[in-house]
Protein chains: 2
Amino acid sequence: MENELSERKQKILAAIVEQYIRSGEPIGSKSLMEVLPMKVSSATIRNEMAELAALGLLEQPHTSAGRIPSHSGYRYYIDHLMHARELDDDSRRKIEAAIGEGGDPEHLLSKAGEVLADLTNCAAVSTTPAGESTKIRRIEMVPVGSRTAMLVLLTSTGILKSRICRVDTSITVPLLERFYNVTASQLVGRALADVHTTAMQTLAASLGADAFSLLPLLAAVAELARDAAQADIRLDGQSNLLGYRELEENAYELMEFLRNGEPLNALISSNKEDVHVLIGKENRFRQLSNSSLILARYDVGGEESGTLGVIGPTRLDYAKLIPSVRYLTDLVGRLLTRSMHDEE
Amino acid sequence: MENELSERKQKILAAIVEQYIRSGEPIGSKSLMEVLPMKVSSATIRNEMAELAALGLLEQPHTSAGRIPSHSGYRYYIDHLMHARELDDDSRRKIEAAIGEGGDPEHLLSKAGEVLADLTNCAAVSTTPAGESTKIRRIEMVPVGSRTAMLVLLTSTGILKSRICRVDTSITVPLLERFYNVTASQLVGRALADVHTTAMQTLAASLGADAFSLLPLLAAVAELARDAAQADIRLDGQSNLLGYRELEENAYELMEFLRNGEPLNALISSNKEDVHVLIGKENRFRQLSNSSLILARYDVGGEESGTLGVIGPTRLDYAKLIPSVRYLTDLVGRLLTRSMHDEE
DNA sequence: AATTAGCACTCAACACATCCGAGTGCTAAC
DNA sequence: GTTAGCACTCGGATGTGTTGAGTGCTAATT
């Protein structure tokens with residue numbers, strides 16, 4: 001998009017976007033006149049608005065109504081006109097209060113999601129940390145029956161995954177010892193990504209006589225690793241979305257879409273930028289075509305790990321929400337780094 | 001409610017309830033005539049309907065409309081008229097497919113919730129197992145930094161809880177050993193309910209010199225125990241509720257109510273029966289006054305442990321859903337019992 | 001050439017009137 | 001006790017004005 005808009009057009013566009021974000025009603029030339037810093041007649045504004053509409057930056061719900069920003073209008077606003085507002089103290093306090101000292105990643109993220117949803121009055125998405133270089137920190141095997149054990153895996157990012165595993169032989173102390181020997185020497189400290197099925201097979205081959213009894217356990221560990229390597233998506237405050245008139249129509253579809261995390265995951269993981277804003281149809285999912293997303297990555301120990309973001313109507317208060325999301329991702333990243341990497 | 005309705009009134013009431021459950025539209029005397037097994041004129045049916053209405057079993061949305069069952073009408077139907085339909089093979093297959101062999105409680109319940117929501121086209125609630133006699137099965141302490149450790153607690157019901165704990169001294173091997181000594185001898189095997197703060201204090205008092213360094217860790221363990229003792233509520237398929245016209249009006253309120261689990265928890269834990277049906281205003285929450293709940297307990301190892309259920313409009317297909325919920329609770333109970341208590 | 005006043009025009013939203021028909025309650029006959 | 005018949009009710013759909021915010025265009029003004 002060329003940046004060739006006259007100063008006045010820019011001011012008008014910005015004012016329309018901001019007013020519309022506030023009110024949700026189409027903006028007419030008269031009411032706009034009162035808000036604009038310069039003194040021009042409504043007729044002039046109408047002319048400018050007509051040109052902005054011709055450029056595709058504004059649209060009209062119907063002939064006799066005011067204008068609302070088009071998707072490109074929002075885009076232009078965000079890229080060129082918006083100046084981010086600092087996070088106000090009240091929000092900052094709320095965040096501090098909700099998150100406190102942090103804790104394990106899952107709690108932390110659930111708190112972060114809740115507070116973000118609450119603060120923005122939108123739905124909040126969050127994914128658990130899952131970087132390339134995540135390692136296995138600990139593996140535990142807890143017998144819970146004569147032939148069943150619970151396997152627990154803890155990653156270097158603080159994610160805990162567990163699974164029940166049934167074996168054909170009864171679980172004895174020597175079996176446990178052999179399991180711990182193998183896992184401690186071969187698996188703990190390895191990257192999650194390295195523990196795929198083929199690696200397990202070569203590992204199993206080297207076990208000799210023990211292979212038979214250990215195999216199902218190791219297979220389960222491999223599954224756990226696979227599980228842990230993949231980010232979990234959390235969603236908070238979906239009900240907030242029901243409050244927006246413009247989403248009401250496809251509320252059901254939208255909720256249904258959000259429920260099954262697959263496509264959302266695809267969208268999130270395609271985000272390579274620091275803060276990513278997707279407006280309406282800019283994403284490829286029909287169900288989200290009336291919605292905007294603001295997504296931001298958080299880093300743990302210097303590595304890109306997970307994502308936090310909000311989903312709401314296109315009429316989001318970007319100037320406020322973008323800084324909010326960024327602030328929260330920074331905070332989460334910092335807290336997680338401190339919890340998981342402090343080696344002072 | 002007296003059981004003094006004439007046979008014919010019973011048939012009529014049953015037919016109205018069943019038709020209304022199907023269509024969601026008020027039922028008129030004419031259309032009812034075609035459905036009823038006996039041959040009577042619409043006028044007769046009208047007379048009977050008027051009497052049923054006088055008894056409070058039916059109500060009229062407005063004068064010139066058909067009748068719909070009142071809450072007491074549903075109640076009478078469920079208690080006296082309904083004959084539960086066997087679970088059809090298709091549903092049974094779906095359940096088997098979704099749940100498979102089971103696994104840990106959390107996965108199992110999430111699967112159960114999903115399939116229940118899917119099967120019933122309602123929202124499904126589920127709580128993790130948390131009985132009186134749940135015990136601590138294992139406690140692990142995993143250093144994740146020089147002064148932080150992750151504490152992990154596994155209960156006899158298979159619930160895993162974790163927490164990050166920071167200590168003031170650096171974490172050394174001797175500290176770990178002392179921690180494991182204390183926990184293994186004093187805490188593992190104890191009931192969750194016994195590990196309250198006061199018990200921890202007397203325990204701490206007996207530690208002598210170690211108290212200082214161990215105290216924060218033990219306090220964290222106590223918190224974990226408290227956490228684990230309390231059932232977590234899961235909710236699935238909330239979006240299903242958006243499909244019902246009669247819920248649309250207060251959809252936002254309803255979702256908001258479900259989101260914050262507190263009151264729902266109160267409702268669930270007050271359920272002492274095998275299968276409990278709450279119709280409309282029978283519960284004390286305004287937000288649920290247009291909804292019905294079907295709740296059922298599942299037992300693990302012979303003890304009442306958790307609850308599964310559905311939430312939907314009052315117009316639920318009770319004859320189908322009650323058996324479905326019961327079947328699923330039985331299955332979940334059986335699988336969890338097998339995973340957690342098999343000592344053959 | 002840009003701006004503005006003025007004006008005719010558009011169209012959603014609202015109010016109001018009308019009609020329709022499903023369904024009722026009642027009465028009188030069976 | 002049951003039924004046919006009928007007057008009556010009332011929500012929902014349909015139709016018709018009316019209103020008013022907002023537009024686009026033209027012609028006058030700066």
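Remember, predicted model here, so these are calculated numbers, not experimental data. Labels below follow one simple rule: chain letters A, B, ... track the order of the sequence lines, proteins then strands, and each chain is numbered from 1.
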Practice task
Among C:dT10, C:dT24, D:dG24, find the nucleotide with the atom closest to the side chain of A:S64.
Solution key: C:dT10
Handout entry: Atom-pair distance (CD on B:Q60; C1' on D:dC8), nearest Å
Key = 13 Å
Exercise for the section: Check every atom of D:dG24, C:dA5, D:dC10 against the side chain of B:H62 and return the nucleotide holding the closest atom. Expected result: D:dC10
Practice task
For B:I45 and D:dT2, give me the distance from atom CD1 to atom C1', rounded to whole Å.
Solution key: 12 Å
Completion exercise
Walking DNA chain D from its 5' end, the first of B:P61 and B:T44 to be reached, judged by nearest nucleotide, is B:T44
Exercise for the section: Starting at atom CG of A:L32, determine the distance to atom C1' of C:dT4, rounded to an integer number of angstrom. Expected result: 16 Å
Practice task
Kindly indicate whether the side chain of A:R67 and the base of D:dG24 share any N or O donor-acceptor pair separated by less than 3.5 Å?
Solution key: no
Exercise for the section: Look at the side-chain N and O atoms of A:S29 and state whether any lies under 4.0 Å from the OP1 or OP2 oxygen of D:dT23. Expected result: yes
Practice task
Using atom types as modelled and distance alone, determine if a side-chain donor or acceptor of B:T307 lies under 3.5 Å from a backbone N or O of B:T127.
Solution key: no
Problem - Passing option when B:E48 is tested against B:I12, B:V40, B:L13 for side-chain contact (heavy atoms from CB on, under 4.5 Å) - result: B:I12
Exercise for the section: For B:S42, report the nucleic acid contact type (base, sugar-phosphate, nothing); a contact means any heavy atom under 4.0 Å. Expected result: nothing
Completion exercise
note: B:M33, atom CE; C:dT24, atom C1'; distance rounded to Å ~ 14 Å
Exercise for the section: Indicate whether OP1 or OP2 belonging to D:dT26 is found under 4.0 Å from a side-chain N or O atom of A:R46. Expected result: no
Exercise for the section: Report yes if a side-chain nitrogen or oxygen of B:T63 is closer than 4.0 Å to either non-bridging phosphate oxygen (OP1 or OP2) of D:dT9; otherwise report no. Expected result: no
Completion exercise
Between CG of A:L58 and P of D:dG24 the distance, given in whole Å, is 11 Å
Exercise for the section: For A:F257 and A:F285, run ring-ring contact (aromatic ring centres under 6.0 Å, His included): C-alpha distance rounded to whole Å, both residues' side-chain angles, the deciding distance at 0.1 Å, then the answer. Expected result: CA-CA 9 Å; A:F257 176 81; A:F285 297 105; 5.2 Å; yes
Practice task
Kindly point out which of C:dG25, C:dA5, C:dC11 is positioned nearest to the side chain of B:A50?
Solution key: C:dG25
Handout entry: B:G56 backbone acceptor or donor facing B:S70 side chain under 3.5 Å
Key = yes
